[in-house]
Structures are given as C-alpha cells and as structure tokens.
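Down below is the structure, laid out as structure tokens.
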Amino acid sequence: MFNLMRFFLRLLLYNFLPLLVPVKQSIMKMIGNIKIRSVSIYRDICRVCRSEATPEKPLYHPCICTGSIKFIHQECLLQWLKYSRKEYCELCNHRFSFMPIYSPDMPKRLPIKDIFSGLLRSLGTAVRFWLHYTLVAVAWLGVVPLTACRIYRCLFTGSLSSILSLPLDILSTENVFSDSLYGCCVVTCTLCAFISLVWLREQILHGGGPEWLEQEHDPAMPNMIDPPMEFANNNVQPNAQQPVPENDDDVGQNGNNEGNNGAQADVNNWNPIEWDHAAEELTWERLLGLDGSLVFLEHVFWVVSLNTLFIVVFAFCPYHIGQLSISCFGFKEFTSAPEFEGLLTTLFGYINIGIVLALLHCAAALIRLHKTRRLLGICYVVIKVSLLSVIEIGIFPLVCGWWLDICSLKMLDATIHDREAGFRLAPGTSMFIHWLAGMVYVFYFASFILLLREVLRPGVLWFLKNLNDPDFNPIQEMIHSPILRHIRRVLVSLVTFGTTILLVVWLPVRIIEKIVPGFLPYHVMLSSEMPYSELSLELVLLQVVLPALLEQGHMRQWLKFFVRTWCIGVSYILDIRSYLLGDVNIGEQQPDMAAAAPAAQVEGEAQEGFQAGALAAAHQALFQPVSPSGFQPYKRPRFLPFKIVCLIFFICVSLTLGSLVMITVPVFVGRKLMSLWLGNAKVHELYTIGCGLYVCWIMLRICTLLWSWIPRGWNTISSKMKEWLTISVKMLCAMSVLLGLIPILMGLLLDLILTVPARVSLNQTPLISIWQDWAIGVLLTKTFCAVVLVGPNWWMKRVIEQVYLGGIRNINLHSIFMDLALPVIIVLGLSLSIPYIIACSVIPMFSSSFELQNLVLRRIYPALLVFFMTIGAIVFQVRQFFRLYEHIKNDK
C-alpha cells in the first residue's frame, strides 16, 4: 500500500511539476518586488534631495511631520529656508529652531581677549558700514540733486561766464540745502519724464501706433504717403480691412514679390527706440550702493550724465526754440507775466517742435526714407501725447480750480484783488491749491457720472465715456485719435464743467444773497479768542469725523436712491420713463426704428466727434460714445426733442436747488447748535458744517429706518427700537472710553511731557485745556491704533482687530473694557499719577522748599521719560552684547 502511494506521488510530480515552475517563478518574482518596494518605502531619505543619510550628512527630523517626509539634511533645510524665505515647515507649520553644537573642549567662559577682538571687529564693521552709507547718502542726496540744480541754473542763465564757472559753482558751499531741495525736484521731473517715455514706448509697441504710422509699412500700399497731420482725414476707420486679390494674376504677382518679404519684414520689425534691458542681476541694493560695493559711483555718474542730457533735450532746447519763435512771431507781450513766462515759452517751443517733426515726416515720406520717416513719426507721437497730457492733467484742472474760486468769492468774503495779491505773494502755492481743488472737482464729477450709469438706461449717456470699460485706454486714445478731436473734446469739457460750476456754486450764492442777505459769507478765519486750538479741531474733524461719516453713512447708496427717485418723478412728468430708465416693458412691440436709427446715427457722429483722453484727469474720458452693444431699445415718446430740452432744464434746476440745500441746511443747523453751546461767538464754519452734517445724517438715518420698519408692524418697530437703543447705549459707553477718557489721558500726558516744559517757565503757572488735550489725544489715539495694526502680531493688535471685525451690531463691551481699555488706562493712569504723587507727597517729606517742589513737579515727567528711554537703550545694548557674545562663541 505504501509502495502504491509512492508510485502515484512520483507520477504526479513527473507530470505536473513542469506546469508549476512558471507559477513558482512568478510568485517568487512578485514576492521579491514586494520586498523591494517595502524597503524603498520605509527607507529614511531626505524629502528635498531624496538621498539617504551619510556619515558626513546625517538626516534630521526638525518638525512634527510623520512618515517618510519627516527627514531632511541640514544643508537641504538651510537652502530651502533661504529660497522660500520662511522660518516654519510649509506642511505642519512648525517653526524650525537651530542649536549650535560646540566642541567638547570649549571653555565655560570666553577669554577676555576673544571678547575684545570680537568687539573691535564689530566696531570696525560698524564704522565701515557707517562710512559707506554716509558716502551713499552724500552721493544720492547731495551730489546728484546739487549737480542737477546748478547745471539747470547754469544752462538757463544764458551767459557764457556762467558756463565757464560751472565747475566752481558745483563745488561751492553757498545755499547747499536749498539747492539740494530744488535739485531733488529737477531730478524727480527728469526721472518721471524718463519713466513716461519708457511707458509710452511700451504702449506704442503693444497697442500699435496711429493708423498713418502703421500704414507706412503696409505692403498693399507701398506708394501711399500719409502725412502725420492727423486732422487731414478724420473719416478713416482704424480697423479698415485691405482689399483681397480676387484673380490669379494678383496671386501670381504676390507670389513674385515673395523674394522681398525678408527686406520688408526687416523694415516692419525695425524699432528705432529699442533700448537694451538692464542686467538681471542688477537689484535696487546694488544700484543704490546698499550692498556694500562701490559700483554705485558709476551709477551716480550715469545718473548725472543722463539728467544733464534730459535737461538739455527736454527743457533747454524747447525753451530757447519757443523763445526764438515768440520773438519772431511777435508774441512777446502775451508771455510777459513772470509767473508763466517759462511754462508758456516751453509749451510754445514744444508746439513748434511738433510742427517741425510733422514737416520733416512729410519730407522723409517724399524721398522715401522709411526708417527716418518712422522715427520722426514716433517722435511726433511722443510730443503730441506729452502736450495733451500736460493740457488735460495740468492746465484743465487748474482752470477749473480758478473758476471755482472766482465763483465762490462772495461765499468766502473775498475779492479778485485778494486772490491776485495772494498769487503775487506765492504763485507756486496758489497754483497748486487751485490745481488740487480742480482735480477734486473733476474726480467727483466723474464719480457722479459713474453713479448715473448705474441708474439710467444704457444708451442715454451715449456722449459720455464709460470709465469702467475694460477696453478703455486713455494713452491709446491719445496716440490714435487726431489732434483736432482732442482739442474739440477739451473745449466741450471746459464748457460743460464751467457751466456746472455756475449752476452749483455761483447761482446758489446769488440766490442766498437775495433771499437771506445775512447768511453769507462763511466765517473761515482763525480766531485767537477761542478757548481751544482751532487747528487741532480741524485735524480731528478732517481725520476722524468726516471719514467716519463717509464710511458709515452709506452716502453712495443714498445718492443713488435720490437720483433714481428724481428720475422717476421727472419721467412721470415728461412721460419718458422708457427712454430715461429703461425699466418699462415694451411688450411685443418692436423698438421704434425711427428712434433707433437716429440714435445710431447720433452715436456714429459722436464716435467721430468725441473721443476719450487721459484717465488721470477724469474729464478727458467723459465725451466718448458707448459701443452699439451698450444701447438698450426703448419706446420712443411723442415730442422727444422737446422733452429732452425740458429734461435738461430740470437737471439745471435740480442741480441748483440741491447745491442750495447743501450750502445752507448743514451750516444753519450747525450754527444753531453751536450758538446753544458757545453763545454769539463766531465759530469756524468747518465745525458748523461738520456738526450740521452729522445731525442731518442722524435724522435721515432715523427716518429711513422708520420707513423700512413701518410696514412690518408696531411689534417689529418696538423690537428694532429696543435693539438699536441697546446698541446705542453700548456705543455710547464704548465711545466715552475709547474716544473720551483714553484721548484725554494721552493728550494730558503729552502736554505734561512736552508742551508745558517747553513753553511755560518755572515762574509761570501752566493752564491745562482739557478740550485741546482731548483733540490732540484723538489724533494720537488714531495714530497709535494705525501703528499697532501695521506692526507685529501681539495681544493689543489681536484685540483691536477683534473689536473692528465685530462691528457695531456685535459690539462686545467686556472685550473692549477689560481686554483693550483697562490695560491702556492703567498704564496711562500710572504714568500720570505716580510722578504727581512723588512730586506732591514724597518730596515734601524731605524738603519744605516751594521752589524745589515746583521744579520737581514741572520736570519729573520729562525726566522720567528720559530715564525710561535710557533704561530701554541699556537693555537693548545688553541684549546686543549677549548676541555678540554668542556670535563670537559660535565663530570659535
């Protein structure tokens, strides 16, 4: 039986063993792969370089990551931290920490010799850096502006002796500070001109030049001569397609010209103002010399040279060309005013240069000098864009500011002779103030136009450019549009803005003078009879009150609501709601083709007549039509032209009445409230306007809330009133501490530390004004909060951010009082009380001299400030010494 079983077993093995061998091999191979993979998975490797540990480069796990990514080489970690500029792991956010490993034979304390040698090395390094940075400061803040100022002055003196004495004038030490400041202005102007040229070059390269410049290289019209006098043909469309050949002869002819494609491509791709880019390794530190090298001296030389070149090319030559042209044409009497003589002469010179460039461009086109022709065309475009920018960014706002001042003379109790005397006294300051006022007026006018676009039907304001259009590029408009179109747009802008100023300033003032003779003028003169500083209160009003009113008052939403309500009322009167608002369903009726066609025609004419200009002076972008896709159909009413005239009349009347209300109501309310407090004393109208605006805002806010609550029932009104009453009480409590107690403590402490010791002698009694201290303390509190919010992350920053993000509805008095106000009040209170206790309670125990007590009381506050600053400086130096000590030990 056993033999039989052995026989069958042998037979089975001999017959089936060859079949099992491949299975065995595949199983063993699979097991081997699993072992290899398991070894590679669980092997310790660096997660940066994927290498294993070596005796020279061991692996570390410096963070709390787990698994195979927790190991890293020290060199790889240092390189990654230097590249990523982080101090923590990007996966687990654990901050890395390094600990130096010292030699076993290191002494417990460093020898005195090593400490002194380290101190001397550090001192030598500090002296070397101080000398280097002093040289950098002298070069960039002294040599460059001083050289620019004196070269500028030498060139515009116009005498040969000044040019010969230029080296001695540069080395002169007279008026160094004033000349350096004036030279900084000159360098800033030349730098801005250089940056503007580079930016304009990029605009021409990316957006293309004007059509007459681009057609010069069109192979379909090789013999076409287009002068740069853009106003010669205003009907050419910028995107006009060239004719396509329709027969085989044209194709064959084009094929025969393929040999010249290379030369034409070279002409098309040639750029006459292609400048080499700076080296990639050039950084601001290396450019300015802050990296410790002396390469910046070469940069200083090049800056001085380029600045001189810019002064000669862009100031000296245009000025003398303009002066020569004015003398030749007999326009000397028109530029005789000393305040405008330089500006007008330079502008006239640039106009002559532009005309000469246009003539030279035509001459180069006639003799077929393609490269010279393109270069002259680009120079003409640069001159045109520069002149238009000066007109629309500089001159136009200045004119608006002057017109505003002239129309408001009666409001401010001034005359034209007073303004002329002020201008003669300080022409630069007067021009800057008027330009700033004009820019503010243009900005708010453009903002109001944007708000109108959100209310009115798309297509109503077809003659005004949409500033929110993503395709709007003012520089491209200046480059491509003809010069006559820009001049026409500027003239229309002057008429529009000037008329608006008449309606909102001059006419309301005249109406007030007729109806209420004693209401005007405003009292805007500073008075020394007031018991508080008006300057500090002006700062409080401008920095705290008005920003909070504009931020929390929802002025834009309210103005939008008023405009829509006015439009609905006027639409009801004139029956033009479909035309004006476009929210009327016209049903199945198609839009009136008689209305759409004239509108499209008018838009086409407007496309030709009105174009946009520079965005910086927002007026230049107002007179540009919208695209046809922005036109919404409407139901044309009867007598539409007459109704549009009536609409314009309603607009003028509404502007005048709205301005009349804004001029009178806030001032009247503020004067009444101030008279209850200060009696008949005259107060600066800035305070009355601020007070009246806040009262009017509160009344309007209450009315709007009640209007929104009335439809919900009296239960909702009572619950909302309880809620807002609770919020108001919380706000009053918080404001009494944050804007009341803390500013008073800060202002009083500043008064005792700086103002009283500096302005009051020991034999005089200081008068502390709580009102003035509060006003100054409000500014200090706001400045302190701004510094804390932009500073490092610490407990006070977190508390202020938490209070700010909570808002008015979620105000937390416990967090405000306990976490924010209490620590600040304790610090300020101890700073005020401890010196007073020492001066009035401790000093009398040792001396009964009144002079000593008065001396200690008046000088203890600045003395303690100096004492704590000295302690802080000593602590800082001790920490620096310990850091130096550790550095020396690590180097050893």
Side-chain angles (χ1 to χ4, degrees), residues 39-108 110 114-115 117-119 121-130 132-133 136 277-296 787-798 801 875-892:
V39 171
S40 64
I41 289 176
Y42 293 105
R43 185 175 298 167
D44 296 339
I45 60 174
C46 176
R47 68 179 178 183
V48 175
C49 65
R50 317 299 295 176
S51 302
E52 301 178 0
T54 60
E56 294 81 10
K57 298 175 62 178
L59 290 173
Y60 299 94
H61 47 91
C63 60
I64 59 176
C65 292
T66 58
S68 60
I69 62 172
K70 70 177 182 178
F71 296 104
I72 192 171
H73 293 116
Q74 179 176 342
E75 292 80 5
C76 297
L77 177 60
L78 292 175
Q79 186 177 2
W80 169 249
L81 292 179
K82 183 179 179 181
Y83 173 77
S84 64
R85 298 181 180 179
K86 296 180 180 178
E87 298 179 356
Y88 53 87
C89 177
E90 66 276 7
L91 299 177
C92 63
N93 294 327
H94 179 76
R95 186 173 295 275
F96 295 113
S97 61
F98 295 88
M99 182 180 296
I101 301 176
Y102 300 105
S103 177
D105 57 348
M106 184 194 71
K108 294 182 178 180
L110 285 178
D114 294 339
I115 295 176
S117 62
L119 284 174
R121 284 196 301 269
S122 299
L123 184 62
T125 303
V127 171
R128 181 172 61 86
F129 276 103
W130 180 78
H132 179 79
Y133 289 139
V136 169
H277 295 283
E280 295 182 356
E281 64 272 6
L282 185 61
T283 60
W284 283 107
E285 289 79 8
R286 189 171 182 82
L287 178 65
L288 299 177
L290 301 178
D291 59 343
S293 64
L294 296 177
V295 184
F296 77 97
V787 172
V788 169
L789 289 176
V790 301
N793 191 10
W794 58 308
W795 67 269
M796 183 169 287
K797 180 179 180 180
R798 291 192 295 269
E801 289 179 348
V875 171
F876 175 77
Q877 294 298 329
V878 169
R879 290 180 178 177
Q880 291 295 106
F881 176 78
F882 279 109
R883 290 180 59 185
L884 178 62
Y885 184 86
E886 293 294 330
H887 181 69
I888 296 171
K889 185 169 63 173
N890 295 335
D891 288 343
K892 288 293 181 180

Applying salt bridge (charged side-chain N to carboxylate O under 4.0 Å, His left out), can you list everything that pairs with Glu87, at least two apart in sequence or on another chain?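 Partners of Glu87 by the salt bridge (charged side-chain N to carboxylate O under 4.0 Å, His left out) criterion, ordered by chain and then number, come out as Arg95.
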As an exercise, state the distance from [atom1] of [X] to [atom2] of [Y], rounded to the nearest 0.5 Å.
{"X": "Arg128", "Y": "Leu123", "atom1": "CZ", "atom2": "CG", "result": "12.5 Å"}
{"X": "Cys63", "Y": "Glu90", "atom1": "SG", "atom2": "CD", "result": "8.5 Å"}
{"X": "Ser117", "Y": "Leu110", "atom1": "OG", "atom2": "CG", "result": "9.0 Å"}
{"X": "Asp44", "Y": "Ser51", "atom1": "CG", "atom2": "OG", "result": "13.0 Å"}
{"X": "Leu119", "Y": "Ile888", "atom1": "CG", "atom2": "CD1", "result": "5.5 Å"}
{"X": "Arg121", "Y": "Leu884", "atom1": "CZ", "atom2": "CG", "result": "8.5 Å"}

Without swapping roles, check the side chain of His132 against the backbone of Gly289 for a donor-acceptor pair under 3.5 Å.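 Confirmed, His132 side chain pairs with Gly289 backbone.
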Partner set under side-chain hydrogen bond (donor to acceptor under 3.5 Å, both in side chains) for Arg879, not counting sequence neighbours: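 Scan of Arg879 (side-chain hydrogen bond (donor to acceptor under 3.5 Å, both in side chains), adjacent residues dropped) gives none.
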Hey, mind stepping through Asp291 and Phe296 against side chain to side chain contact (heavy atoms under 4.5 Å, CB included) and telling me if it holds? CA-CA 9 Å; Asp291 59 343; Phe296 77 97; over 6 Å; no
Just to verify, what does His73 make a ring pair (Phe, Tyr, Trp, His ring centres under 6.0 Å) with, not counting sequence neighbours?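 For His73, no residue satisfies ring pair (Phe, Tyr, Trp, His ring centres under 6.0 Å) once neighbours in sequence are set aside.
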Can you list everything that forms a ring pair (Phe, Tyr, Trp, His ring centres under 6.0 Å) with Tyr83? Sequence neighbours excluded, please.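 Only Trp80 meet the ring pair (Phe, Tyr, Trp, His ring centres under 6.0 Å) criterion with Tyr83.
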Can you name the side chain to side chain contact (heavy atoms under 4.5 Å, CB included) partners of Thr54, sequence neighbours left out?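 Thr54 satisfies side chain to side chain contact (heavy atoms under 4.5 Å, CB included) with Glu56, Lys57 only.
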Residues which pass side chain to side chain contact (heavy atoms under 4.5 Å, CB included) with Val48, listed by chain and number, not counting sequence neighbours: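 Scan of Val48 (side chain to side chain contact (heavy atoms under 4.5 Å, CB included), adjacent residues dropped) gives Cys46, Ile72, Cys76.
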Return yes when atom CD of Gln880 has more than 12 non-hydrogen atoms of other residues, nucleotides or ligands closer than 6.0 Å, and no otherwise.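 Yes - once you tally the heavy atoms of other residues, nucleotides and ligands closer than 6.0 Å, there are more than 12.
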Salt-bridged, Lys889 to Glu886, with N to O below 4.0 Å?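 Salt bridge between Lys889 and Glu886, a charged N being under 4.0 Å from a carboxylate O: yes.
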Residues Phe96, Leu77; criterion side chain to side chain contact (heavy atoms under 4.5 Å, CB included); working and verdict: CA-CA 10 Å; Phe96 295 113; Leu77 177 60; 3.8 Å; yes
